[in-house]
Enquirer: 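Have a look at the structure that comes next, please.
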Amino acid sequence: NMSYSMRPSKFKETKYFEYIKENREALYAHSDKSNIDGLLKRTIIYSFPRQNPPSDEELAAAIDEVLPGLGEQTVELQNVQKLIGKARNDDNAKAEFIERAIALMNYYDINDSNSLNTIAWFMHEFTEDAAILQKAKAYAQKSIKTDSNSMNNDTLAAICYKLKEKEAAMKHAKLAIQLAKENDQDASGTEELLEKIEALK
C-alpha cells in the first residue's frame with residue numbers, strides 16, 4: 001500500500017507521479033490495481049484548489065488524461081458517495097443514494113474494492129428491502145473478490161445477517177475477525193455481530 005507524507009496536490013508536481021503514470025501497467029503486477037489507480041485519482045482530485053473546485057466535466061477530463069475512460073465513472077462515484085452524509089438522517093436522500101448507487105453499478109464496471117465495500121455497507125444501512133440487500137450482497141462479494149479484508153467480510157456478514165442467511169453470515173463474520181486479528185485491527189464490532197448471527201433462529 002503506497003503512502004506518502006506530502007499533500008497530494010504537491011505530489012502531482014513530482015517525478016514520482018509521472019513515473020507511476022507512465023509505468024502503471026507494470027506496477028499493477030506489484031500492487032493492487034485499485035491502489036495504483038486510486039493514488040493517481042486522489043492526486044488529480046486534490047490538485048485542484050479547494051476554493052475553486054472543478055466542474056464535474058473538468059475533473060472527468062483531468063482523470064481521463066491520466067486514466068483513459070475512468071473520468072466519468074470516478075466523478076459519478078464521488079457524487080454518489082457524497083450523498084451518504086446527507087442520507088444518514090434524511091429518508092429521501094437514502095432512497096436517492098440507493099437508486100444512484102445501483103444505476104452506477106449497472107452502468108460502470110466498478111472494481112475498486114473500497115468503493116464497492118462502502119456502497120454495499122451504506123445500502124445495507126439504509127434499507128430493509130430484501131431485493132436491494134441482494135444487490136448490496138453482490139457488491140460486497142465483488143469487493144471481496146478484488147481484495148478480501150476484514151472490512152468487506154464484515155460488510156457481507158452484516159448483509160447476510162439482515163437477509164437471515166445464517167451460514168454465510170457466520171462464515172464471513174469469522175473470516176472478518178480472523179483477518180482483523182492478523183492485521184492487529186479491532187474486531188469487537190464483528191464479534192458483537194457474530195453473537196447476533198449465532199442467535200438467529
Side-chain angles (χ1 to χ4, degrees), residues 1-5 8 20 24 27-43 45-46 70 73-74 77-78 80-85 87-88 94 97-98 101-102 104-105 108-130 132-201:
N1 207 338
M2 299 190 172
S3 58
Y4 48 92
S5 54
I20 293 169
R24 67 174 214 280
L27 290 168
Y28 291 158
H30 303 283
S31 178
D32 186 40
K33 182 178 187 294
S34 63
N35 275 342
I36 306 278
D37 288 356
L39 178 70
L40 292 169
K41 279 188 267 194
R42 282 194 304 279
T43 303
I45 290 163
Y46 289 116
L70 288 185
Q73 75 175 49
T74 303
L77 183 60
Q78 240 198 334
V80 167
Q81 290 182 331
K82 278 179 193 162
L83 290 167
I84 291 169
R88 284 175 195 277
K94 281 186 177 71
F97 166 76
I98 288 168
I102 293 170
L104 175 82
M105 291 298 175
Y108 297 108
D109 182 26
I110 306 283
N111 278 310
D112 173 46
S113 169
N114 284 336
S115 304
L116 287 162
N117 180 56
T118 300
I119 283 177
W121 174 259
F122 285 103
M123 280 174 69
H124 134 274
E125 283 269 275
F126 296 159
T127 190
E128 300 301 319
D129 183 311
I132 293 170
L133 289 169
Q134 288 292 351
K135 288 186 188 295
K137 180 176 148 188
Y139 308 151
Q141 286 168 327
K142 190 175 179 186
S143 174
I144 289 169
K145 213 169 143 187
T146 310
D147 169 35
S148 180
N149 57 50
S150 62
M151 288 186 310
N152 49 24
N153 278 283
D154 174 83
T155 296
L156 184 54
I159 294 167
C160 291
Y161 168 69
K162 251 189 172 178
L163 287 164
K164 308 253 189 302
E165 295 173 3
K166 186 171 180 175
E167 271 177 48
M170 198 142 17
K171 176 185 146 188
H172 288 284
K174 285 178 176 169
L175 186 53
I177 291 165
Q178 181 197 326
L179 290 167
K181 288 182 172 163
E182 280 170 17
N183 293 294
D184 296 319
Q185 294 161 330
D186 176 26
S188 58
T190 316
E191 283 165 347
E192 282 172 31
L193 174 64
L194 184 58
E195 283 178 21
K196 289 190 204 160
I197 294 166
E198 285 169 341
L200 266 182
K201 289 283 173 282

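We number each residue from 1, following the sequence as shown.
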Enquirer: For A180, enumerate each residue passing the side-chain contact (heavy atoms from CB on, under 4.5 Å) test, keeping only those at least two apart in sequence or located in another chain.
Expert: S150, Q185, A187
Enquirer: Sequence neighbours left out, what pairs pass side chain to side chain donor-acceptor pair (under 3.5 Å) with at least one residue falling in residues 191-201?
Expert: K181-E191
Enquirer: Can you tell me if D154 and T190 form a side-chain donor-acceptor pair at under 3.5 Å?
Expert: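 A donor-acceptor contact under 3.5 Å links the two side chains.
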Enquirer: Under 4.5 Å between any side-chain heavy atoms of L116 and M105, yes or no?
Expert: yes
Enquirer: If the condition is salt bridge (Lys or Arg N to Asp or Glu O under 4.0 Å), which residues does E128 pass it with, not counting sequence neighbours?
Expert: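 Testing E128 for salt bridge (Lys or Arg N to Asp or Glu O under 4.0 Å), a comparison that skips the adjacent residues, returns K162.
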Enquirer: With sequence neighbours left out, what residues match F97 under ring-ring contact (aromatic ring centres under 6.0 Å, His included)?
Expert: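 Once residues adjacent in sequence are excluded, the partners of F97 under the ring-ring contact (aromatic ring centres under 6.0 Å, His included) criterion are F126.
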Enquirer: Can you tell which of S113, S148, S115 makes a side-chain hydrogen bond (donor to acceptor under 3.5 Å, both in side chains) with S143?
Expert: S113
Enquirer: Okay, side chain of K166, backbone of Y161: is any donor-acceptor separation there less than 3.5 Å?
Expert: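 No; judged by distance alone, with no hydrogens or angles, the pair does not exist.
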Enquirer: With rounding to the nearest 0.5 angstrom, report the CZ to CD1 distance, R24 to I36.
Expert: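 It comes to 10.0 Å.
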Enquirer: Can you see which heavy atom on I177 is nearest to which on L194, and at what distance?
Expert: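 Answer, listing the atom of I177 first, then L194: CD1-CD2, 3.9 Å.
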Enquirer: Is D129 salt-bridged to K135, going by a charged N under 4.0 Å from an acidic O?
Expert: no
Enquirer: Between N152 and N149, is any pair of side-chain heavy atoms under 4.5 Å apart?
Expert: yes
Enquirer: For E165, what residues pass the side-chain contact (heavy atoms from CB on, under 4.5 Å) criterion, not counting sequence neighbours?
Expert: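 Partners of E165 under the side-chain contact (heavy atoms from CB on, under 4.5 Å) test: Q134, K137, C160, L163.
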Enquirer: Look up atom CG in L193 and atom CE in M170, then write down how far apart they are to the nearest 0.5 Å.
Expert: 11.0 Å
Enquirer: Show, in sequence, the C-alpha distance, side-chain angles and deciding distance for Q73 and I110, and conclude whether the side chain to side chain contact (heavy atoms under 4.5 Å, CB included) test is met.
Expert: CA-CA 8 Å; Q73 75 175 49; I110 306 283; 3.9 Å; yes
Enquirer: Working to the nearest 0.5 Å, report the span between CG of N117 and CZ of F122.
Expert: 9.5 Å
Enquirer: Considering only NZ, NE, NH1 and NH2 on the basic side and carboxylate oxygens on the acidic side, decide whether K33 and D37 come within less than 4.0 Å.
Expert: yes
Enquirer: To the closest 0.5 Å, what do you measure between OG1 (T118) and CE (M123)?
Expert: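 If I round to the nearest 0.5 Å, the distance is 13.0 Å.
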Enquirer: Show the numbers, then the answer: is there a side chain to side chain contact (heavy atoms under 4.5 Å, CB included) between T127 and L133?
Expert: CA-CA 7 Å; T127 190; L133 289 169; 4.0 Å; yes
Enquirer: So, taking the atom named CD in E125 and the one named CD1 in I159, what distance separates them when rounded to the nearest 0.5 Å?
Expert: 10.0 Å
Enquirer: Is there a side-chain contact between H124 and T155 (heavy atoms, below 4.5 Å)?
Expert: no
Enquirer: Could you please spell out the steps behind the side chain to side chain contact (heavy atoms under 4.5 Å, CB included) verdict for L200 and K164?
Expert: CA-CA 7 Å; L200 266 182; K164 308 253 189 302; 3.8 Å; yes
Enquirer: Taking all atoms of both residues into account, what is the closest heavy-atom pair of Y139 and A120, and its distance?
Expert: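 Here Y139 and A120 meet closest at CB-CB, 4.1 Å.
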Enquirer: Which residue pairs pass the side chain to side chain donor-acceptor pair (under 3.5 Å) test with at least one member in residues 167-176, sequence neighbours excluded?
Expert: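 Residue pairs with at least one partner in residues 167-176: N153-H172.
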Enquirer: Roughly how far, to the nearest 0.5 Å, is the OG1 atom of T43 from the NZ atom of K41?
Expert: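 That separation rounds to 11.5 Å.
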